[in-house]
Amino acid sequence: MKLTILGGGGFRVPLVYGALLGDHAEGRVTRVVLHDVDDRRLYAVARVLAEQAAGVPDAPEVSTTTDLDEALRGADFVFSAIRVGGLEGRANDERVALAEGVLGQETVGAGGIAYGLRTVPVAVDIARRVARLAPDAWVINFTNPAGLVTEAMSRHLGDRVIGICDSPVGLGRRIARVLGADPREAWIDYVGLNHLGWVRGLYVKGRDELPRLLADLPLLGSFEEGRLFGADWLQSLGAVPNEYLHYYYYNRETVRAYQQAEKTRGAFLHDQQARFYTQVGNPDIPALATWDRTRAEREATYMAENRETAGAGDRDEGDLSGGYEKVALALMRAVARDERTTLILNVRNRSTLSALDGDAVIEVPCLVDAQGAHPVSVDPLPDHATGLVCAVKAVEREVLRAAESGSRTHAVKAFALHPLVDSVNVARRLVDGYTAVHPGLAYLK
């Protein structure tokens, strides 16, 4: 089975390949094609993968290419993990927004909109190529903003594109762990959009254990979300939010922390990964050990400003091991082998949330089998969550309209409608600022 990874020179690709190395069942991936626009990055990641595969019997064969059509042709699965504009683009997303006093995070607020405006035209082109060159392939989208990009691609691929994110899985794992439950045996009642969802229940053997957690202040304060949001706020919500909702609930504090930080997250990762790719470009330097050290630093500093603002301390050791590669492998197994499972995924709404239309991509538990991912029925969100979900989905739709039409008017509207952008004038200046630093936004007129 052929797996094509777009963004194959990306730093997290070894996580996926490492998961594949542990899969020895019939129908497994036997060939991995890495595609990237940067030869240097491909070389570095291919070195890491080669060291991972050393001594592993029947390790999937790895090849690299900068030819997108060649990479896609004949693929059974396509993992899309591209970063349009690179980490320099992410750093610019952050700087332009912070200069206007608003959030510039990668997927949330102004930064997420700018990233989406750059990424959607490229993702749509990929979707069209997949439909032409590999019409039977399943596309698993890792590319952020994951919900927005998955919805853009779904207009050309239908239900054969599925978005994934490790945030809900990690959240469910932490809640189960603090309750003394096995995460593998827990049903997580989670719903929302990507990076904008809530756990409303965690069921073990048919019993909802979340009320026990919410009633116990010391227990609530003992895990990451309790420390991040505050136990009293989780009790008020009656739910546990995805960590990215910290940007909404504590926006003023987070923006101030980002403005005061020595470097933005994008600038930190840009410098860190520049060192990594330079080092691994030297064939005398051990690639895998260098990657392991760099990844440990990357994971330990994740959302550091948010944790500092909340006084939440360092991340727990159990949360430093990643997780999205496990979701991707479980999804691929379920589809390729009909190994039915339940996963929280980004899929078309159909009739799951009545406040949104059927084509809106949401993040929700899904039953997965050889026919794809099927969202399960869930209870409606409370009014405060419904309002936020509808507002952000309206922003995403304006981004899609702007990307399709090249309309600056729709781009300004996307920024202006976002709950974390507080002025139409700021929205106009954001569009001006982003088009000045991003060549990929030259299409906006």
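In what follows, every heavy atom counts, from backbone to side chain, and hydrogens, waters and symmetry copies are set aside.
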Under 3.5 Å, side-chain donor or acceptor atoms of residues 1-8 against the rest of the protein: list the pairs with distances, not counting sequence neighbours.
residue : atom : partner : partner atom : Å
Lys2    : NZ   : Ala71   : O            : 3.2
Lys2    : NZ   : Arg73   : O            : 2.6
Thr4    : OG1  : Ala71   : O            : 2.6

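In terms of the ring-ring contact (aromatic ring centres under 6.0 Å, His included) criterion, Tyr190 has no residue partners (sequence neighbours excluded). For His195, the ring-ring contact (aromatic ring centres under 6.0 Å, His included) partners two or more places apart in sequence, or in a different chain, are Tyr244. A search for side chain to side chain contact (heavy atoms under 4.5 Å, CB included) contacts involving Pro241 returns Trp198, Phe229, Leu234, Leu237, Leu245, Tyr249, not counting sequence neighbours. With sequence neighbours excluded, the residues that form a side chain to side chain contact (heavy atoms under 4.5 Å, CB included) with Asn92 are Glu88, Arg95, Val437, His438. Not counting sequence neighbours, the partners of Ala402 by the side chain to side chain contact (heavy atoms under 4.5 Å, CB included) test are Leu117, His410, Ala411, Leu444. Under the rule for a salt bridge (Lys or Arg N to Asp or Glu O under 4.0 Å), Asp38 has no partner lying at least two apart in sequence or in another chain.
Listed by first and then second residue, the salt bridge (Lys or Arg N to Asp or Glu O under 4.0 Å) pairs involving residues 331-346 are Asp23-Arg333, Asp23-Arg337, Arg337-Glu339, Asp338-Arg340 (not counting sequence neighbours). Evaluation of the salt bridge (Lys or Arg N to Asp or Glu O under 4.0 Å) test over residues 359-376, restricted to residues two or more places apart or in two chains, returns Arg348-Asp359. For the side chain to side chain donor-acceptor pair (under 3.5 Å) condition, the pairs that include at least one residue of residues 145-158, sequence neighbours left out, are Asn141-Thr150, Glu151-Lys393, Glu151-Arg397. Pairs passing the salt bridge (Lys or Arg N to Asp or Glu O under 4.0 Å) check and including a residue from residues 275-288, sequence neighbours excluded, do not occur. Annotation: salt bridge (Lys or Arg N to Asp or Glu O under 4.0 Å) contacts involving residues 117-128, sequence neighbours excluded, comprise Asp93-Arg118, Asp125-Arg129.
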